Amino acid sequence: MQPRPWVSLFSGGKDSSWALHRALEAGHPVERLVTVHPAGDSYMYHVPATDLAELAAESVGIPLVSVRPADFGADDVADAGAQGDAELEPLEAALRDLAADLGGIGGVTAGAVESTFQTDRIRAMCDRLDAELFAPLWRRDPHDLADAMLDAGFEVLIVQVAAAGLDESWLGRTLDADALADLEALNDRYGVHVLGEGGEFETLVVDAPHMERRIELEYETEWDGTRGRLQIEDAWLA
């Protein structure tokens, strides 16, 4: 029997890209990437530079489905649990539509590392869809994960920072061995997570083994004194 196709939850950031890479390495039949583009802040999803996921998907060679919900209103929330459930609804609806088109979904990849808030909801969604959850980063040592990404040839760009110790010089910096050493020092001093799991920083994978062409960028930096991001002015595949 032909296995049911898989879907990869994909933002273009390092964690979802690593989950996709590992799924492809394992031979899982990933036939669609799905990107949620939050209109504002979000409890469930990666926010910055998600429009570049379409370019990344072109480089990977797997069709991408974009989900564009209305603003979740995540900047003023009384019940975080209810907020997370509500934010999951447009993604689940999109996956149900995909399941109807593809004849079912065999598995879903996710880049969760430590967030039970996100992972519990995604796992419950997969149960409702009768799909396997593939979460190869889950509860792995962050230092080991970072080393594995670099050893595999991932080129990871930092596109947003929001934590003590992360100044404007980190915007546009490549997450290489030197950057990891600096992050470990910041972890000791300020508690900055080495993989940015607490939202300390966000990333974009511009090259990786599963990508045919590298993403090139032109950008400016935006900095307000305590946090900042890259303002992408142009992007293309080399």
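Along the sequence shown, residues carry numbers from 1. On a predicted model such as this, the values are computed, not experimentally measured, just so you know.
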Q: Give a yes or no on whether the backbone of Ser115 and the side-chain of Glu197 come within a donor-acceptor separation of less than 3.5 Å.
A: yes

Q) Would Phe117 end up clustered with Trp138 when hydrophobic side chains under 4.5 Å apart are linked, directly or stepwise? A) no

(Q) Would the distance check show the side chain of Lys14 and the main-chain N or O of Leu195 forming a donor-acceptor pair, the cut-off being under 3.5 Å? (A) yes

Q.
Just checking Arg140: does its CZ atom have more than 12 heavy atoms from other residues, nucleotides or ligands closer to it than 6.0 angstrom?
A. yes

(Q) For Asp182, give me all partners under salt bridge (Lys or Arg N to Asp or Glu O under 4.0 Å), at least two apart in sequence or on another chain. (A) Arg173

Q: Could you pull out all residues at least two apart from Glu216 that satisfy salt bridge (Lys or Arg N to Asp or Glu O under 4.0 Å)?
A: Arg214

Q.
Which residues pass the side chain to side chain donor-acceptor pair (under 3.5 Å) test with His28, not counting sequence neighbours?
A. none

Q | Side chain Ser8, main chain Thr109, donor-acceptor under 3.5 Å | A | no

Q. Does Glu212 offer a backbone N or O that forms a donor-acceptor pair with the side chain of Ser59 under 3.5 Å?
A. yes

(Q) Is it the case that the side chains of Ser11 and Ser16 hold a donor-acceptor pair, with the cut-off being a distance below 3.5 Å and no angle test? (A) yes

Q: Verify the distance criterion only: is there a donor paired with an acceptor across the side chains of Thr226 and Asp224 at less than 3.5 Å?
A: yes

Q) Which pairs count as ring-ring contact (aromatic ring centres under 6.0 Å, His included) when at least one residue sits in residues 8-27, sequence neighbours excluded? A) Trp18-His21, Trp18-Phe154, His21-Phe154, His21-His210

Q) Can Asp176 and Thr174 be counted as having a side-chain donor-acceptor contact under 3.5 angstrom? A) no

Q.
Under the rule for side chain to side chain donor-acceptor pair (under 3.5 Å), what residues qualify as partners of Glu222, not counting sequence neighbours?
A. Arg229

Q) Should we say atom CD of Glu233 is surrounded by more than 12 heavy atoms from elsewhere, each under 6.0 Å from it? A) yes

Q.
Using only atom types and a distance under 3.5 Å, with no angle test, would you say the side chain of Arg121 pairs donor to acceptor with the backbone of Gly81?
A. yes

Q) Is there side-chain contact between Pro69 and Val36, with at least one heavy-atom pair below 4.5 Å? A) yes

Q: May I have all residue pairs that pass ring-ring contact (aromatic ring centres under 6.0 Å, His included) and include part of residues 213-238, sequence neighbours excluded?
A: none

Q: Identify whether the distance between the nearest side-chain nitrogen and carboxylate oxygen of Arg96 and Glu89 falls below 4.0 Å.
A: no

